[in-house]
Amino acid sequence: MPELPEVETTRRGIAPYLVGARIAGVVVRDPRLRYPVPADLPQVVAGRAVVDLRRRGKYLLLGLDDGTLLLHLGMSGSLRVLPADVAPGPHDHVDLILDNGRCLRLRDPRRFGALLWITGPAEDHPLIRHLGPEPLEDGFDGSYLYSRSRSRRVAVKNFIMDARIVVGVGNIYANESLFLARIHPSRACGRISLERYRRLADEIKGVLRHAIGQGGTSLRDFVREDGNPGYFSLSLNVYGRANEPCPICGTPLSQRRIGQRSSFFCARCQH
DNA sequence: CCGGACGCCTGTCGGC
DNA sequence: TGCCGACAGGCGTCCG
């Protein structure tokens with residue numbers, strides 16, 4: 001559920017409470033996430049100082065003075081910083097107790113998220129190593145998408161949601177950026193011109209930046225670190241708007257499954 | 001290599 | 001009201 005803007009919003013929100021603090025302890029109420037929370041995590045991590053909090057794609061990397069905590073929010077995860085004595089609710093699976101009286105609490109109803117302790121450079125870890133470029137950095141542009149897509153026939157929407165191609169673009173922002181670039185989501189990615197990929201790369205950057213500025217998109221589960229929702233939902237042009245009028249031409253928006261994911265688009269504006 | 005399908009989970013919503 | 005299937009923001013894996 002959280003895509004790049006939601007993860008980045010979370011990172012910015014919690015970093016001030018974490019960086020410079022020390023982890024006093026870890027409470028694991030339910031270790032059954034996508035990968036089991038390691039049984040020895042509390043003893044391994046207790047006493048470690050938090051050095052930094054980085055993001056790579058949709059992963060959060062909490063740098064410690066020994067190793068790194070790798071976090072992923074899956075479809076339904078959220079992180080909040082709370083006074084350590086606030087009683088946990090349902091699906092509050094893990095607390096990192098800090099030495100400043102607060103705790104970082106991971107809630108994840110569907111348990112598709114992850115919390116792992118890794119050693120060595122995070123960029124060498126198997127879950128990170130294969131990831132493509134960050135969409136908001138210079139290595140990502142229209143000519144990159146163009147060159148990676150030649151002689152491929154997969155739908156462009158699946159192409160830009162492939163983390164090996166570019167990280168952080170999930171179902172919401174794939175739909176939105178394709179609408180803004182006026183590209184039909186099921187068009188074969190190898191049959192799109194360089195010019196159109198330049199436009200698409202620009203729209204991906206723009207929509208992600210705008211969403212970060214709005215604190216992300218809250219539809220169901222996502223809350224910011226302070227418990228408030230993000231407001232980008234108000235800016236969605238097509239996502240979740242089947243049969244509503246296209247903001248450009250007024251034609252009712254279409255909804256179709258592409259690659260097992262709901263896709264929203266204007267059949268008239270997008271080709 | 002590529003493309004497509006499938007689980008992993010729980011909660012919610014719409015239709016009957 | 002209750003039940004049941006469909007669907008939900010991700011992603012690694014498996015198969016042809």
Side-chain angles (χ1 to χ4, degrees), chain A residues 1-10 29-37 55-60 70-79 89-93 106-116 125-132 135 147-178 185-191 204 207-208 211-212 214-224 229-243 255-264:
Chain A
M1 85 175 225
E3 304 181 37
L4 186 150
E6 293 73 41
V7 178
E8 179 62 18
T9 295
T10 298
R29 296 181 198 84
D30 191 341
R32 298 173 301 163
L33 302 184
R34 163 134 208 196
Y35 311 103
V37 179
R55 178 188 59 73
R56 178 72 175 97
K58 298 172 193 167
Y59 290 91
L60 286 171
L70 181 154
L71 282 139
H72 196 285
L73 299 178
M75 289 276 270
S76 59
S78 60
L79 288 166
H91 311 301
D92 285 339
H93 302 314
L106 172 64
R107 173 174 298 188
D108 187 2
R110 292 176 72 180
R111 292 192 275 114
F112 288 170
L115 173 57
L116 298 170
H125 188 271
L127 291 173
I128 304 292
R129 197 172 41 201
H130 71 280
L131 295 177
S147 65
R148 290 298 303 269
S149 60
R150 289 312 89 181
S151 73
R152 292 191 59 183
R153 52 190 76 183
V154 71
V156 62
K157 177 160 177 274
N158 296 347
F159 178 65
I160 61 172
M161 289 177 68
D162 183 343
R164 293 166 298 185
I165 301 300
V166 59
V167 295
V169 182
N171 201 30
I172 293 179
Y173 301 109
N175 280 297
E176 292 297 314
S177 55
L178 288 167
S186 57
R187 169 169 284 273
C189 69
R191 295 186 53 253
I204 289 172
V207 77
L208 293 178
I212 292 170
Q214 298 293 303
T217 300
S218 290
L219 296 181
R220 297 169 189 81
D221 309 297
F222 179 70
V223 289
R224 304 174 60 170
Y231 293 102
F232 190 73
S233 327
L234 302 172
S235 303
L236 295 175
N237 282 296
V238 293
Y239 185 85
R241 297 192 183 279
N243 303 317
Q255 175 175 9
R256 244 178 57 196
R257 278 184 101 69
I258 299 171
Q260 289 91 248
R261 311 299 297 274
S262 262
S263 305
F264 302 86

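Order of the sequence lines sets the chain letters (A, B, ...), proteins ahead of strands, with each chain counted from 1. All figures in this text were calculated on a predicted structure; none of them were measured in a lab.
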Starting at CD1 of A/Ile172, measure out to CZ of A/Arg261 and round the result to the nearest 0.5 Å.
10.0 Å
Examine C/dA8: is either OP1 or OP2 under 4.0 Å from a nitrogen or oxygen in the side chain of A/Ser262? Give yes or no.
yes
Applying side chain to side chain donor-acceptor pair (under 3.5 Å), name anything that partners A/Arg32, two or more places apart in sequence or on another chain.
A/Asp30
Please answer whether B/dC8 and A/Phe112 are stacked, defined here as ring centres separated by less than 5.5 Å and planes angled under 30°.
yes
All N/O pairs under 3.5 Å across the protein-nucleotides 11-16 of chain C interface:
| unit_1 | atom_1 | unit_2 | atom_2 | d |
| --- | --- | --- | --- | --- |
| C/dC11 | OP1 | A/His72 | NE2 | 2.4 |
| C/dC11 | OP2 | A/Lys58 | NZ | 3.0 |
| C/dC11 | O4' | A/Arg34 | NH1 | 3.4 |
| C/dC11 | O2 | A/Arg34 | NH1 | 3.3 |
| C/dG12 | OP1 | A/Tyr59 | OH | 2.9 |
| C/dG12 | OP2 | A/His130 | NE2 | 3.4 |
| C/dG12 | O4' | A/Arg34 | NH2 | 2.8 |

Rounded to the Å, how far apart are A/Phe159 CZ and B/dG4 P?
14 Å
Separation of B/dG11 P from A/Asp92 CG (nearest whole Å)
13 Å
Compute the centroid of each ring, for A/Tyr173 and then for A/Phe232, and state whether the two points are separated by less than 6.0 Å.
yes
How would you list, by chain and number, every residue that makes a side chain to side chain donor-acceptor pair (under 3.5 Å) with A/Arg29, sequence neighbours excluded?
A/Asp95
Show every salt bridge (charged side-chain N to carboxylate O under 4.0 Å, His left out) that has at least one partner inside residues 148-162 of chain A, sequence neighbours left out.
A/Asp162-A/Arg164
Please report the distance separating the P of B/dC9 from the corresponding atom of C/dC3, rounded so that it comes out in whole Å.
25 Å
Does a nitrogen or oxygen in the side chain of A/Arg153 sit under 4.0 Å from OP1 or OP2 of B/dC2?
no
Specify the separation, in whole Å, of atom CG of A/Asp108 and atom P of B/dT10.
11 Å
Upstream residue (5' side of DNA chain B) when A/Gly259 and A/Arg148 are each assigned their closest nucleotide:
A/Arg148
Please confirm whether the shortest side-chain N or O distance from A/Arg111 to OP1 or OP2 of B/dT10 is below 4.0 Å.
yes
Does a nitrogen or oxygen in the side chain of A/His91 sit under 4.0 Å from OP1 or OP2 of B/dG11?
yes
5'-to-3' dot-bracket of DNA chain B (Watson-Crick, G-U; under 3.5 angstrom; crossing pairs as [ ]; | other strand):
.|||||||.|||||||
Say you draw a straight line from CD of A/Gln255 to OH of A/Tyr239; how long is it, rounded to the nearest 0.5 Å?
8.5 Å
Looking only at the side chain of A/Arg110 (C-beta and beyond, no hydrogens), which of the listed nucleotides B/dG3, B/dT10, C/dG10 gets closest?
B/dT10
What pairs meet the salt bridge (charged side-chain N to carboxylate O under 4.0 Å, His left out) rule with one or both residues in residues 165-176 of chain A, with sequence neighbours excluded?
none
Taking side chain to side chain donor-acceptor pair (under 3.5 Å) as the definition, give me every residue that meets it alongside A/Arg34, ordered by chain and number, with sequence neighbours left out.
none
Each nucleotide N or O in nucleotides 13-16 of chain B that has a protein N or O under 3.5 Å away: list the pair and distance.
none

Residue list, side-chain contact (heavy atoms from CB on, under 4.5 Å) with A/Pro36, at least two apart or on another chain
none
CZ of A/Arg32 versus P of B/dT10: gap in Å, rounded?
7 Å
A/Arg55: what forms a salt bridge (Lys or Arg N to Asp or Glu O under 4.0 Å) with it, not counting sequence neighbours?
A/Glu8, A/Glu134
Those residues that, when tested against A/Arg241, pass side chain to side chain donor-acceptor pair (under 3.5 Å) (two or more places apart):
A/Glu244
What nucleotide among C/dA8, B/dC2, B/dG4 has an atom nearest to a side-chain atom of A/Arg152?
B/dC2
Residue list, ring pair (Phe, Tyr, Trp, His ring centres under 6.0 Å) with A/Phe112, at least two apart or on another chain
none
